[in-house]
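On a predicted model such as this, the values are computed, not experimentally measured, just so you know. The first residue in the sequence is number 1, and the count goes up from there.
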Amino acid sequence: MKSIKKTFVLTGIILVLCMGISIVLTYLKTRNLISDVYENELRVESAVISGAIENSFLRPITVSETMAKALTMNKILNVHTRDEAKTMEKEASEYLDSIRRGFGYPMVFAVNDMSKAYYTCDGISKYIAPETNEEDIWYKFFMEREADRSYLLDVDIDKVNNWALSVFVNTAVYDEHRKYIGLCGVGVDMTELQRLLERYERIYNVKIDLINSDGLIQVDTDATKIETAYIKIDDPELYSDGECYYEIGKNSNRTITYIDALGWYLVVQNNSSSISNVRYLLIPSVICMIAGILIICVIFRFSYNNNKTRD
């Protein structure tokens, strides 16, 4: 009797250890495989999303740069005083309105650097004061941009377009001597970009954000997060080479890609953790192991009772 009991116990222990080791090895192997699959998928998805976003900005950037090189724009901004800027008001409004009607942008603008006259399709909207007026601080940021960057994107409220949140493409204008004389650009309605992000979020089941070097959200499907919420990245300089960087988090995985054409970082986050999915896949194995242990216990108990009865 004792020999039988000892044999069953030993057999049970061996089976439990074998199944346990098998499950652990399966878990480790499956986790690595799924992690690789998640990384490859997210990298591919990020590349597609990055390309789509760049394409959406290609047109307004091209329009803005074309305006900056136009002789008419050079003539409008190549003045020094407010009186001279005033004489250009009619010509400026007609030119900007032609761009608005031709390309369909709700906001087309130009700023003379000397007089600080802000031209729109309706003429001189105001004279900006970036040093004293907080609403005009964007112009100061533009002047502090990197020397090799001719344009800069800025998220702001478009008062002309019913106070709609917009992305402004500000492009520097130079005279024939390469002297800076002002800027011009167009405003892109934020809802267009949000629809683009929403489409890819739905297709790939991911969360997409565009952030600046400070981590401040510039474009998000949730308008309340724009220019108010932050996404932390350890060191923006590490991601500024245009490569797609993959990071594994506790509850999510994400990629970070610097889009040089925009000067922003694309963050694509997959909220499905590979580890949690591995655990989910291993549930049947764990159930089988528990069932096996119970079956062994039942068999042992049944055999033990039979032998005891015979004795």
Do side-chain atoms of [X] reach the backbone of [Y] as a donor and acceptor pair under 3.5 angstrom?
X	Y	value
Asp136	Ile128	no
Glu201	Ile208	yes
Tyr265	Pro236	yes
Ser50	Ala47	no
Asn78	Asn74	no

Apply salt bridge (charged side-chain N to carboxylate O under 4.0 Å, His left out) to [X] and list each qualifying residue two or more places apart in sequence or on a separate chain.
X	value
Asp222	none
Arg43	Glu39
Glu135	Lys159
Asp220	Lys207

List the residues meeting ring-ring contact (aromatic ring centres under 6.0 Å, His included) with [X], not counting sequence neighbours, and say none if there are none.
X	answer
Tyr105	none
Tyr95	none
Tyr245	Tyr239

Does [X] pair with [Y] as a salt bridge, N-O distance under 4.0 Å?
X	Y	value
Lys86	Glu89	yes
Lys225	Asp209	no
Arg149	Asp260	yes

For the student: nearest non-hydrogen atoms of [X] and [Y], plus distance:
X	Y	value
Cys184	Val173	SG-CG2, 3.8 Å
Cys121	Ser93	O-CB, 3.3 Å
Ile76	Ala92	CD1-CA, 3.5 Å
Thr228	Leu216	N-CD1, 3.7 Å
Leu196	Ala52	CD2-O, 3.9 Å
Leu238	Asp241	O-OD1, 4.4 Å

What salt bridge (Lys or Arg N to Asp or Glu O under 4.0 Å) pairs are there with at least one residue in residues 50-59, not counting sequence neighbours?
->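 Every candidate salt bridge (Lys or Arg N to Asp or Glu O under 4.0 Å) pair involving residues 50-59 fails, so no pair, neighbours aside, qualifies.
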
Residues that Ser150 engages under side-chain contact (heavy atoms from CB on, under 4.5 Å), provided they are two or more places apart |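 If we apply the side-chain contact (heavy atoms from CB on, under 4.5 Å) test to Ser150, skipping adjacent residues, the hits are Glu65.
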
With Asp234, which residues qualify under side-chain contact (heavy atoms from CB on, under 4.5 Å), at least two apart?
->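 Scan of Asp234 (side-chain contact (heavy atoms from CB on, under 4.5 Å), adjacent residues dropped) gives Lys232.
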
With sequence neighbours excluded, give me every side-chain hydrogen bond (donor to acceptor under 3.5 Å, both in side chains) pair touching residues 166-175.
->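 Qualifying pairs: Ser64-Thr171, Arg145-Tyr174.
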
Sort out for me which residue in Leu210, Thr257, Ile211 forms a side-chain contact (heavy atoms from CB on, under 4.5 Å) with Trp264.
->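 The residue from Leu210, Thr257, Ile211 that satisfies side-chain contact (heavy atoms from CB on, under 4.5 Å) with Trp264 turns out to be Leu210.
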
Hey, mind stepping through Thr191 and Asp189 against side-chain hydrogen bond (donor to acceptor under 3.5 Å, both in side chains) and telling me if it holds?
-> CA-CA 5 Å; Thr191 55; Asp189 197 323; 3.0 Å; yes

Pairs meeting criterion ring pair (Phe, Tyr, Trp, His ring centres under 6.0 Å) with involvement of residues 138-161, two or more places apart |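 Passing the test, one end in residues 138-161: no pairs.
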
Between Val63 and Ile99, does a side-chain contact (heavy atoms from CB on, under 4.5 Å) hold up when you go through it step by step?
-> CA-CA 9 Å; Val63 170; Ile99 300 296; 4.0 Å; yes

